[in-house]
There are 2 protein chains.
Amino acid sequence: MAERGRPRAFDRNQALHQAMMLFWEKGFQGASMSELTAAMGINAPSLYAAFGSKDALYRQAMALYEEGDGVVLGREIAEAPTAKAAVEAYLMRSAALFTRPGKPAGCMVVLSVVHGAGTSPQTSEALRDARNEAQAVIEARLRRALEAGELPATCDPAMIASFYVTVQQGMSIRARDGATRPELEAIAQASMAAWDGLTQMQG
Amino acid sequence: MAERGRPRAFDRNQALHQAMMLFWEKGFQGASMSELTAAMGINAPSLYAAFGSKDALYRQAMALYEEGDGVVLGREIAEAPTAKAAVEAYLMRSAALFTRPGKPAGCMVVLSVVHGAGTSPQTSEALRDARNEAQAVIEARLRRALEAGELPATCDPAMIASFYVTVQQGMSIRARDGATRPELEAIAQASMAAWDGLTQMQG
DNA sequence: AGGATTATTTATCGATCGATACAGAAAGGA
DNA sequence: TCCTTTCTGTATCGATCGATAAATAATCCT
């Protein structure tokens with residue numbers, strides 16, 4: 001049951017990684033086919049044979065991105081000892097991820113809200129689902145803390161999660177605008193100054 | 001000294017307003033010349049004669065945007081009795097501006113960080129200047145409060161302004177993602193829960 | 001070895017991009 | 001009235017967009 005036909009002459013994963021980097025940097029519309037093929041080191045027919053279309057390639061690049069940075073952030077939230085530590089780790093890790101040298105600034109999925117114009121409805125929906133999931137993970141962590149008695153029953157997990165996700169998305173914009181890691185970390189810490197007040201608010 | 005030649009057959013301000021709306025909604029790259037001329041109700045040669053180029057048209061549309069919503073937000077900050085009230089008004093007014101029916105969601109200038117790919121260096125610089133100015137206005141208001149003794153001398157106006165501008169920029173993303181005005185207002189109020197902590201922090 | 005299958009390279013395809021050439025139309029100035 | 005000036009509509013420019021047709025090359029199976 002070996003593979004039939006002429007073997008592929010390029011590394012599919014490596015080519016997809018290069019496509020992800022270009023989409024991440026320039027967005028869907030901003031990355032042209034000629035730029036993509038140049039970055040991936042292949043010709044257009046090879047790209048279409050391996051990935052289907054520009055739109056399908058973007059979805060696969062987005063999945064690869066989530067398997068990387070998305071999983072990293074998810075682990076930070078899951079492994080933190082308290083809800084407050086989870087949110088703080090989520091923001092501080094984001095500050096680091098958004099400013100890595102050699103990688104595009106900010107979050108690929110978040111920036112696609114604006115970048116994403118021109119994608120298919122299927123891809124737009126996948127992007128929206130990914131963003132909603134990020135908030136759902138934080139909200140679930142807060143709700144777990146609330147049920148464990150770590151937080152007062154009067155606080156509003158959905159609202160708190162919405163706030164901190166908004167801060168993180170704002171950090172994506174700032175990173176794209178040239179903010180450094182220390183600047184983003186200061187913003188993250190500033191938002192944590194609201195924690196005590198938020199966790200005592202009524203829902 | 002009356003105007004020479006054939007008079008213009010369209011309202012220049014009205015056409016520019018239509019261009020602003022389209023750029024605001026779709027970004028520079030996302031708004032094509034054919035879409036622009038259709039929205040403005042004129043043909044391409046008229047557009048180039050009146051505005052110069054697509055890039056120059058974008059700059060003029062941006063200036064019109066700043067004369068509108070930008071001035072509104074600046075007035076909120078200037079007229080508020082205290083620094084805290086200024087920041088809160090800035091965020092609450094943003095929540096309203098970002099969700100007006102019949103207008104694109106979010107801030108045109110902020111979203112151009114991502115949207116703006118493809119503009120000339122001159123336009124990119126103008127957009128960055130506009131964003132920096134927003135933060136400078138808030139920082140100046142905080143500094144004024146600090147010098148008036150309204151805030152403790154140990155607090156950091158630049159850091160506080162950076163935080164609240166980040167929240168407002170995050171609200172732009174959320175608005176683009178479908179957040180409603182009440183949701184954005186809740187986020188704005190949540191961020192104000194950090195005020196007391198931030199204004200007692202050391203710089 | 002020979003046929004089947006798949007990937008590669010080259011050379012495009014029609015559509016759309018931003019931007020203009022050109023000729024006719026509508027105004028003021030002489 | 002005729003000339004100059006400016007705007008308008010038509011028609012189109014070269015470049016680039018995303019996507020493919022066709023021919024060739026490389027592998028497996030029999």
Side-chain angles (χ1 to χ4, degrees), chain A residues 1-16 18-20 22-23 25-62 112 115-124, chain B residues 1-16 18-20 22-23 25-62 112 115-124:
Chain A
M1 275 289 271
E3 300 168 4
R4 299 278 299 263
R6 177 173 176 171
R8 186 175 284 127
F10 62 94
D11 186 318
R12 193 184 190 279
N13 290 334
Q14 188 173 339
L16 182 57
Q18 294 301 322
M20 177 195 73
L22 196 65
F23 278 133
E25 179 187 353
K26 300 200 166 191
F28 179 78
Q29 282 186 321
S32 69
M33 283 301 302
S34 56
E35 288 175 311
L36 284 165
T37 54
M40 299 166 79
I42 60 178
N43 296 117
S46 295
L47 189 155
Y48 282 90
F51 300 102
S53 68
K54 186 187 178 185
D55 194 80
L57 173 63
Y58 185 87
R59 282 196 298 277
Q60 294 168 69
M62 183 189 71
S112 72
H115 258 149
T119 59
S120 66
Q122 179 183 357
T123 299
S124 294
Chain B
M1 278 288 270
E3 300 169 7
R4 300 278 299 266
R6 177 173 177 173
R8 186 175 285 126
F10 62 95
D11 185 319
R12 193 184 190 280
N13 291 333
Q14 189 171 339
L16 182 58
Q18 295 301 322
M20 179 195 72
L22 197 63
F23 277 134
E25 179 186 353
K26 300 198 167 192
F28 179 78
Q29 283 187 322
S32 69
M33 284 300 303
S34 56
E35 287 174 311
L36 283 165
T37 54
M40 299 165 80
I42 60 179
N43 294 116
S46 297
L47 188 156
Y48 282 90
F51 301 100
S53 67
K54 185 188 178 185
D55 194 80
L57 173 63
Y58 185 86
R59 281 195 298 277
Q60 295 169 69
M62 183 187 71
S112 73
H115 257 149
T119 59
S120 67
Q122 180 182 357
T123 300
S124 294

Whole Å only: how far is the [atom1] atom of [X] from the [atom2] atom of [N]?
X	N	atom1	atom2	value
Tyr48(A)	dT12(C)	OH	C1'	14 Å
Met33(B)	dC17(C)	CE	P	10 Å
Phe51(A)	dT6(C)	CZ	P	18 Å
Lys54(B)	dG18(C)	NZ	C1'	7 Å
Arg4(A)	dG3(C)	CZ	C1'	10 Å
Leu47(B)	dG9(D)	CG	C1'	14 Å
Asn43(B)	dT20(C)	CG	P	16 Å
Arg6(A)	dC29(D)	CZ	P	18 Å

Taking the nucleotide of DNA chain D with the nearest heavy atom to each, does Ala31(A) or Ile42(B) sit closer to the 5' end?
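This one resolves to Ile42(B).
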Could you pick out which residue, Ser46(B) or Asp55(A), lies toward the 5' side of DNA chain D when each is mapped onto its nearest nucleotide?
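Closer to the 5' end of DNA chain D: Ser46(B).
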Contact class for Ala9(B) (heavy atom, under 4.0 Å): base, sugar-phosphate, or nothing?
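Sugar-phosphate contact only.
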Of all the choices, [options], which nucleotide is nearest to the side chain of [X] once you look at every atom?
X	options	answer
Pro45(A)	dT20(C), dT8(D), dT10(C)	dT10(C)
Phe10(B)	dT8(C), dT8(D), dA26(D)	dT8(D)
Pro7(B)	dA7(C), dA26(C), dA19(C)	dA26(C)

If you compare all heavy atoms of Ala39(A) against all heavy atoms of Leu22(A), which two are closest, and at what distance to 0.1 Å?
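Nearest pair, atom of Ala39(A) first, then Leu22(A): CB-CD2, 4.4 Å.
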Minimum-distance pair of heavy atoms, taken over all atoms of Gln60(A) and Phe51(A)
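It is NE2-O, 3.2 Å.
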If you find the nucleotide of DNA chain C closest to Ser34(B) and the one closest to Gly5(B), which residue's nucleotide is nearer the 5' end?
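On the 5' side of the pair lies Ser34(B).
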Report, as yes or no, whether the 6.0 Å neighbourhood of atom CD on Gln14(A) holds more than 12 heavy atoms from other residues, nucleotides or ligands.
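No, CD of Gln14(A) has 12 or fewer neighbouring heavy atoms, counting only those of other groups under 6.0 Å.
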Any side-chain heavy atom of Met40(B) within less than 4.5 Å of one from Leu57(B)?
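Contact flag for Met40(B)/Leu57(B) side chains = yes.
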Would you sort out whether Phe28(B) and Met62(B) count as a side chain to side chain contact (heavy atoms under 4.5 Å, CB included), showing the intermediate values?
CA-CA 11 Å; Phe28(B) 179 78; Met62(B) 183 187 71; over 6 Å; no
